[in-house]
Protein chains: 2
Amino acid sequence: MGYQTRPDIRPLQDRILVGDCITELKKIPAGTVDLVFADPPYNLQLSGGLTRPDQSKVDAVDDHWDQFESFEAYDRFTKGWLAECRRVLKPDGALWVIGSYHNIFRVGSILQDMGFWILNDVVWRKTNPMPNFRGRRFTNAHETLIWASRDADARYTFNYEAMKVFNDDLQMRSDWTLSLCTGAERLKNADGDKLHPTQKPEALLHRVLLSTTKPGDTVLDPFFGTGTTGAAAKALGRHFIGIEREDDYAEAALARIDAVKRLPPEALQVTTSKRAEPRIPFGSLIERGLVKAGDMLFDPSTRIAARVRADGSIAIKDASGSIHKIGAHVQGAEACNGWTFWHVKKGANLVPIDMLRQQLRAEMAAAA
Amino acid sequence: MGYQTRPDIRPLQDRILVGDCITELKKIPAGTVDLVFADPPYNLQLSGGLTRPDQSKVDAVDDHWDQFESFEAYDRFTKGWLAECRRVLKPDGALWVIGSYHNIFRVGSILQDMGFWILNDVVWRKTNPMPNFRGRRFTNAHETLIWASRDADARYTFNYEAMKVFNDDLQMRSDWTLSLCTGAERLKNADGDKLHPTQKPEALLHRVLLSTTKPGDTVLDPFFGTGTTGAAAKALGRHFIGIEREDDYAEAALARIDAVKRLPPEALQVTTSKRAEPRIPFGSLIERGLVKAGDMLFDPSTRIAARVRADGSIAIKDASGSIHKIGAHVQGAEACNGWTFWHVKKGANLVPIDMLRQQLRAEMAAAA
DNA sequence: AGCAGACATGAATCACCGT
DNA sequence: TACGGTGATTCATGTCTGC
């Protein structure tokens with residue numbers, strides 16, 4: 001495959017190179033790429049199957065490309081593609097990598113060892129993650145992105161003002177709340193099943209490209225998949241180079257990017273809806289000392305009392321559970337809003353615990 | 001400093017060892033600690049010619065313990081204290097480490113290389129982070145915690161149900177929204193300045209200890225600082241061992257923990273799981289007369305019926321076996337919880353046999 | 001057509017005990 | 001120690017089905 005090495009002629013732009021990641025990377029001239037976005041295999045190390053409580057099977061990522069013999073093998077693989085990315089980056093270029101706890105610590109260490117300079121780690125906080133079906137761990141509700149410049153002294157691109165406007169005039173934080181790629185955005189095969197096991201949401205790539213590239217920049221994605229990076233790049237007036245090993249994915253990506261139109265600005269706005277904001281659970285009031293474990297809660301008539309426990313459950317004579325469950329139980333009702341049903345005694349007054357939650361909300365807002 | 005090595009005598013509990021982290025760790029007997037919580041130095045200032053702007057010098061973390069020559073030096077230090085923590089942990093023990101992008105990737109990689117098994121990475125999402133004054137990066141609004149068991153097959157402690165109640169009856173996620181340690185909670189020196197540069201909020205430790213330890217467990221903090229871990233441990237009825245190099249911090253920590261009130265036992269009682277309850281075989285229900293041999297059990301739709309036999313098995317037309325096996329069989333499923341699948345008729349009502357089991361458990365508890 | 005309820009699904013390192 | 005039996009466990013969202 002021939003190409004010009006003169007930097008002002010860039011025939012590799014807006015194309016997908018089909019083949020092995022490192023082999024194809026070697027075809028790209030040194031110092032020609034502004035930004036790398038990489039979504040490498042996570043090395044999940046799954047064993048056995050997993051079923052939901054309703055006995056249905058979880059469709060796990062068990063593809064061959066995610067199988068590595070050992071951490072050492074994964075590290076070798078990582079060093080290989082990162083070294084090539086480093087070569088093709090411009091001196092002031094930067095790189096993003098996304099991963100989970102299975103692989104991101106290894107990627108981060110290797111980046112640092114190679115001389116990349118970490119600028120931020122960014123958390124993608126998922127609004128709708130898969131639950132932990134067996135109740136053995138915390139819901140794995142986020143993934144981690146690392147943003148690093150090629151070198152410690154690089155004059156990297158950061159569109160601070162754009163991101164601030166984007167975020168309702170507040171500085172953009174290192175935690176981003178976004179939903180999974182589902183519904184119409186998720187590419188399907190002829191059977192109606194997901195085409196790619198790990199397609200990323202375009203909103204994520206929009207934010208990455210909007211914050212750390214300029215219009216006309218060239219973005220390289222060495223694990224292109226179904227081309228989310230390419231789609232976002234085209235919509236935002238950036239150029240892309242994709243590398244993808246699987247023919248099927250590359251073809252789907254081409255068709256997808258072909259259909260992309262520049263998105264209207266309002267589609268890019270950050271979700272600031274109440275829905276996306278984290279709730280304040282009753283447990284937080286105990287953590288913060290607004291209610292103390294051992295305190296008593298009362299119903300409006302003060303005939304019923306319940307004792308608060310360290311985990312945010314409350315206990316009556318013969319039962320314990322959440323403020324909502326026990327509130328319903330003592331009323332013989334199906335459901336109950338524990339926040340308005342239960343009260344604490346403040347001197348002679350009876351104060352609903354919802355007042356304490358509002359107080360905590362105010363404290364958190366004032367501190368921010 | 002003398003101590004007993006007999007594991008049933010643990011004079012090191014609820015004490016602060018003042019001295020170098022690794023030196024003091026070596027004094028702790030192997031296999032005696034349930035949980036490690038570590039907040040190691042992490043504001044790496046690699047002295048490779050990088051200078052810091054003057055205006056940030058006053059309040060920044062520039063203590064001598066926080067300086068490392070290189071990533072290699074930091075890795076050596078990390079491997080040293082982690083190896084000792086591994087030694088003192090019980091086989092089913094676990095460890096938490098908190099850090100930022102400066103160090104957490106190195107810590108995570110080393111943990112994996114040493115055989116620790118990562119269970120979750122947890123994001124502490126700060127409600128009130130320090131803004132990025134220069135506007136060159138995203139506001140660094142989170143820190144990362146890694147929760148790992150000593151070994152891949154360890155039977156680690158996770159109080160799933162307690163955390164679920166805590167979070168208003170929803171699974172606790174891997175992102176925790178908490179504010180910084182400020183106000184009255186923040187320890188001050190005689191001049192009214194903060195005593196320690198990185199004092200963690202007690203709410204964070206409350207959640208860590210509540211989720212991954214049991215009352216009476218021993219928690220080791222090798223970078224004790226002003227003793228947040230000790231304060232939370234005492235309040236929650238856990239034992240602590242602290243290691244701290246600076247006399248001033250250790251002294252402040254002691255006074256602080258002394259002032260902490262232990263929660264009453266009834267407040268420490270936390271929501272428990274069915275898993276923890278004593279196992280009752282179906283045959284016991286027959287022995288006790290709650291179900292009689294010859295009775296019929298029904299699936300939720302009452303379309304399927306099975307006859308109870310004297311030995312605790314149940315029989316349908318063409319098969320017999322346990323409540324679980326036959327439940328799975330009639331559904332064509334791989335597995336089935338017979339306790340919730342099968343019901344008995346009580347008048348017009350259909351009652352799951354799990355209700356009868358609960359009744360029996362209550363009877364047994366009353367008798368004991 | 002419109003609504004209510006059932007159904008499907010997402011990068012997942014997802015038991016434990018007794019023999 | 002390997003194996004088999006018991007039995008515990010899910011949230012948000014989009015699509016489909018049936019009335």
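Just so we're clear, the structure is a prediction, and the values are computed from it rather than from any experiment. Lettering follows sequence order; numbering is per chain, from 1.
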| Stacked pair B:Trp117-C:dT13, distance under 5.5 Å, angle under 30° |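 By the stated criterion, B:Trp117 and C:dT13 stack.
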| task | Between A:Ser179 and B:Arg357, name the one whose nearest nucleotide on DNA chain D is closer to the 5' end. | result |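 Closest to the 5' end, via its nearest nucleotide, is B:Arg357.
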For [N], the Watson-Crick or wobble partner whose two distances fall under 3.5 Å:
N      : result
C:dT13 : none
D:dT17 : C:dA4
D:dT9  : none

Nucleotide nearest [X] when distance is taken to its side chain, options [options]:
X        : options                : result
A:Thr198 : D:dG14, D:dT9, C:dA11  : C:dA11
A:Thr127 : C:dG10, C:dT13, D:dT13 : D:dT13
A:Leu44  : C:dA11, C:dT13, D:dT10 : C:dA11
B:Gln112 : D:dT6, C:dA11, C:dT13  : C:dT13
A:Arg137 : C:dA11, D:dT10, C:dT13 : C:dT13

| field | Side-chain heavy-atom pair B:Glu363, B:Arg288 within 4.5 angstrom cut-off | value |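 Result yes, sub-4.5 Å side-chain heavy-atom pair found.
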Rounded to whole Å, please give me the gap between [atom1] in [X] and [atom2] in [N].
X        : N      : atom1 : atom2 : result
B:Ile326 : D:dG7  : CD1   : C1'   : 16 Å
B:Asp168 : D:dA12 : CG    : P     : 12 Å
A:Leu178 : C:dA11 : CG    : P     : 13 Å
A:Asp63  : C:dA11 : CG    : C1'   : 10 Å
A:Asp66  : C:dA12 : CG    : P     : 11 Å
B:Glu334 : D:dG7  : CD    : P     : 19 Å
B:Asp354 : D:dT6  : CG    : P     : 16 Å
B:Asp311 : D:dG5  : CG    : P     : 15 Å

| said: Quick check with a 6.0 Å cut-off and a 45 degree axis cone: is B:Arg207 positioned over the face of B:Trp176's six-membered ring? | reply: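 Judged by the rule, B:Arg207 and B:Trp176 form a cation-pi pair.
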| message | Both conditions, 6.0 Å and 45 degrees, for the charged tip of A:Arg106 above the ring of A:Tyr74: are they met here? | response |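 That pair does not qualify as a cation-pi contact.
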Mind checking if [X] touches a base, just sugar-phosphate, or nothing, with heavy atoms under 4.0 Å?
X        : answer
A:Gln199 : nothing
B:Cys336 : base
A:Lys200 : base
B:Ala152 : nothing
A:Gly48  : base
B:Ile118 : base
B:Pro281 : nothing
A:Pro201 : nothing
A:Ile104 : nothing
A:Trp65  : base
B:Gly321 : nothing
B:Asn120 : nothing

| task | Could you tell me whether the side chains of B:His142 and A:Asp121 share a donor-acceptor contact shorter than 3.5 Å? | result |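 Indeed, the side chains of B:His142 and A:Asp121 share at least one donor-acceptor pair under 3.5 Å.
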| query | Do B:Thr271 and A:Asp311 get their side chains close enough for a donor-acceptor pair, meaning under 3.5 Å? | reply |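 B:Thr271 vs A:Asp311: donor-acceptor pair found between side chains.
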| From B:Ile110, B:Leu89, B:Val97, residue fulfilling side chain to side chain contact (heavy atoms under 4.5 Å, CB included) relative to B:Phe116 |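 The passing option is B:Leu89.
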Produce the list of close N/O pairs, under 3.5 Å, pairing protein atoms with atoms of nucleotides 16-18 of chain C; give distances to one decimal.
| residue | atom | partner | partner atom | Å |
| --- | --- | --- | --- | --- |
| C:dC16 | OP1 | A:Arg136 | NH2 | 2.7 |
| C:dC17 | OP2 | B:Arg155 | NH1 | 3.2 |

| Around atom CE of B:Met364, are there more than 12 heavy atoms of other residues, nucleotides or ligands at under 6.0 Å? |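 Atom CE in B:Met364 is not crowded, with 12 or fewer foreign heavy atoms closer than 6.0 Å.
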| request: Hey, which sits more toward the 5' end of DNA chain C by its nearest nucleotide, A:Asn132 or A:Val61? | output: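 Final value for this comparison: A:Val61.
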Using atom [atom1] of each nucleotide, how far apart are [N] and [M] to the nearest Å?
N      : M      : atom1 : answer
C:dC14 : D:dG7  : C1'   : 15 Å
D:dT15 : C:dA11 : P     : 16 Å
D:dT17 : C:dA1  : C1'   : 15 Å
D:dA8  : C:dG18 : P     : 15 Å
D:dT10 : C:dT9  : C1'   : 12 Å
D:dT9  : C:dG10 : P     : 25 Å

Residue-phosphate contact under 4.0 Å: [X] side-chain N/O, [N] OP1/OP2:
X        : N      : answer
B:Asn337 : D:dA8  : yes
B:Ser322 : D:dG5  : no
A:Asn140 : C:dA11 : no
B:His324 : D:dG5  : no

Of all the heavy-atom pairs spanning [X] and [Y], show the shortest one and how long it is.
X        : Y        : answer
B:Cys85  : B:Val36  : SG-CG1, 3.9 Å
A:Arg173 : B:Arg125 : NH2-CG, 3.7 Å
B:Ile316 : B:Ala306 : CG2-CB, 3.8 Å

| message | Students often mix this up, so state it plainly: with edges at 30° and 60°, are the rings of A:Phe68 and A:Phe77 parallel, tilted or perpendicular? | response |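 Geometry flag for A:Phe77 against A:Phe68: tilted rings.
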| query | So does B:Arg86 pair up with B:Asp151, basic N to acidic O under 4.0 Å? | reply |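 So B:Arg86 pairs with B:Asp151 through a salt bridge.
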| said: What I want to find out is whether A:Arg52 reaches A:Asp54 closely enough, with some N-O distance under 4.0 Å, to be called a salt bridge. | reply: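 No, A:Arg52 and A:Asp54 are not salt-bridged.
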Name the pairs: protein N/O against N/O of nucleotides 6-9 of chain C, kept only if under 3.5 Å.
none

| Looking at the angle O4'-C1'-N9-C4 for a purine or O4'-C1'-N1-C2 for a pyrimidine, is D:dT13 syn or anti, with syn meaning within 90° of 0? |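 Anti conformation here, the glycosidic angle of D:dT13 being more than 90° from 0.
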| Under the criterion ring-ring contact (aromatic ring centres under 6.0 Å, His included), which of B:Trp124, B:Trp147, B:Phe37 is the partner of B:Trp96? |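 Exactly one option meets the ring-ring contact (aromatic ring centres under 6.0 Å, His included) with B:Trp96, and it is B:Trp147.
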